[in-house]
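Before any comments, here is the structure.
Nothing here was measured: the structure is a model prediction, and the numbers come from that model.
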Amino acid sequence: MDGNVAPPRRAEITRETAETAIRVALDLDGSGRAEIATGIGFLDHMLTALARHSLVDMTIAAKGDLHIDFHHTAEDVGIVIGQALRKALGDKRGIRRYGAALLPMDEALAECAIDISGRPFLAWSVPFGRDKVGEMDTELFEEFFRALAFNAGITMHVTLKAGTNAHHVAEACFKAAARALRQAVEPDPRAGGAIPSTKGVLEA
């Protein structure tokens, strides 16, 4: 292989528990292609937006105990996406590391900032005016993003600046996260393949 050709940044993770069975395959250098089937219609809609606007190809198949509620499936999908992101990033050599986006969705305005730091953290400041969007509990969006951030080993701040429509609020958050992720995982042509840290390592 040509030493100047970067290895593919892809990963596939399968996770099975008594509550869920989930498979995620992703390609950080994709075109935003999405094949999503979680059994939760609104979550599928949001994950399709996440893939499309991050330009990360995502194939996600999940079966969960939806007869109980959507909590286990939403959280576990976040866990597996996070694990796949961490694996695909490898040692994080040459990436931009940081990404941020301020994204409007009609009356909603959401901001997301990401640091692929190896230090997992979620700061979530997104109030919802109602308990559900479709059949999905709005409190599960925070659970999803926390699971993703902690399993990917990233710091993520999501803040709602404006918005009253719960659908628009959720969609603005996912699209802002997508655009921030797109920036953060991009190869930095000025970095020369260096790990973007004065410590010389970004642990996850």
Side-chain angles (χ1 to χ4, degrees), residues 1-15 22-36 46-62 75-103 110-124 143-159 173-204:
M1 179 184 292
D2 187 340
N4 294 322
V5 177
R9 299 192 301 163
R10 303 187 188 109
E12 183 174 333
I13 300 286
T14 300
R15 182 178 189 267
I22 297 166
R23 173 185 169 270
V24 170
L26 57 79
D27 181 352
L28 298 182
D29 301 305
S31 59
R33 182 180 56 83
E35 296 179 16
I36 314 292
M46 293 298 98
L47 293 175
T48 299
L50 183 67
R52 179 67 186 89
H53 293 281
S54 66
L55 297 183
V56 175
D57 289 347
M58 294 186 187
T59 300
I60 302 171
E75 182 178 27
D76 289 4
V77 166
I79 288 172
V80 184
I81 293 174
Q83 291 174 344
L85 284 170
R86 182 176 63 188
K87 182 177 179 181
L89 283 163
D91 65 4
K92 308 174 184 68
R93 191 174 297 275
I95 64 169
R96 294 188 185 276
R97 175 177 168 177
Y98 297 100
L102 183 64
L103 192 134
E111 181 178 54
C112 180
I114 288 175
D115 176 11
I116 302 177
S117 60
R119 297 186 303 276
F121 187 83
L122 175 69
W124 178 265
E143 296 300 321
F144 168 83
F145 278 110
R146 178 177 291 107
L148 188 157
F150 273 73
N151 283 272
I154 65 178
T155 295
M156 176 183 287
H157 288 247
V158 185
T159 305
C173 289
F174 272 82
K175 288 180 176 177
R179 298 294 294 194
L181 183 66
R182 175 179 171 180
Q183 290 178 25
V185 304
E186 275 184 344
D188 185 342
R190 297 180 61 193
I195 292 174
S197 171
T198 55
K199 295 182 294 186
V201 64
L202 288 170
E203 297 177 354

Non-hydrogen atoms of Cys173 and Ala110 that approach each other most closely: N-CB, 3.8 Å
For Ala180 against Ala101, the heavy-atom pair lying closest together: N-CB, 4.0 Å
Residues 151-159, side-chain donor-acceptor partners within the protein, below 3.5 Å, at least two apart:
{"residue": "Asn151", "atom": "ND2", "partner": "Ala147", "partner atom": "O", "Å": "2.8"}
{"residue": "Thr155", "atom": "OG1", "partner": "Ser117", "partner atom": "OG", "Å": "3.3"}
{"residue": "Thr155", "atom": "OG1", "partner": "Arg119", "partner atom": "O", "Å": "2.8"}

Which atom of Asp29 lies closest to which atom of Asp27, heavy atoms considered: N-OD1, 2.9 Å
Heavy-atom side-chain proximity of Asp57 to Glu35 below 4.5 angstrom: no
Minimal non-hydrogen separation, Gly99 against Ala184, with atom names: N-CB, 3.8 Å
Test side chain to side chain contact (heavy atoms under 4.5 Å, CB included) applied to Asp76 and Arg15, step by step: CA-CA 8 Å; Asp76 289 4; Arg15 182 178 189 267; 3.1 Å; yes
Contacts under 3.5 angstrom, residues 48-56 side chains, donor-acceptor by atom type, not counting sequence neighbours:
{"residue": "Thr48", "atom": "OG1", "partner": "Asp44", "partner atom": "O", "Å": "2.8"}
{"residue": "Ser54", "atom": "OG", "partner": "Leu50", "partner atom": "O", "Å": "2.7"}
{"residue": "Ser54", "atom": "OG", "partner": "Ala51", "partner atom": "O", "Å": "3.2"}
{"residue": "Ser54", "atom": "OG", "partner": "Val56", "partner atom": "N", "Å": "3.2"}

Pairwise side-chain contact, Ile22 with Thr14, heavy-atom cut-off 4.5 Å (strictly under): no
Full working for side chain to side chain contact (heavy atoms under 4.5 Å, CB included) between Arg9 and Ile95: CA-CA 11 Å; Arg9 299 192 301 163; Ile95 64 169; 3.6 Å; yes
Minimum side-chain heavy-atom gap Phe144-Val77 below 4.5 Å: yes
Minimum heavy-atom distance Gln183-Ala100, with the two atoms named: NE2-O, 2.9 Å
Test item: Phe150 and Phe145 side chains (from C-beta on) under 4.5 Å apart, heavy atoms: no
Flag side-chain contact, heavy atom, 4.5 Å: Arg96 against Pro189: yes
Side chain to side chain, Leu26 and Thr59, heavy atoms closer than 4.5 Å: no
Heavy-atom side-chain proximity of Val24 to Met58 below 4.5 angstrom: no
Interatomic spacing from CG in Leu47 to CZ in Phe174 - rounded to 0.5 Å: 6.0 Å
Min side-chain heavy-atom separation Lys92-Arg97 under 4.5 Å: no
Contacts of type side-chain hydrogen bond (donor to acceptor under 3.5 Å, both in side chains), residue Asp188, not counting sequence neighbours: none
Worked check of side chain to side chain contact (heavy atoms under 4.5 Å, CB included) between Leu85 and Leu148: CA-CA 9 Å; Leu85 284 170; Leu148 188 157; 4.0 Å; yes
Pairwise distance CG(Leu28) to CD(Glu186) - rounded to 0.5 angstrom: 11.0 Å
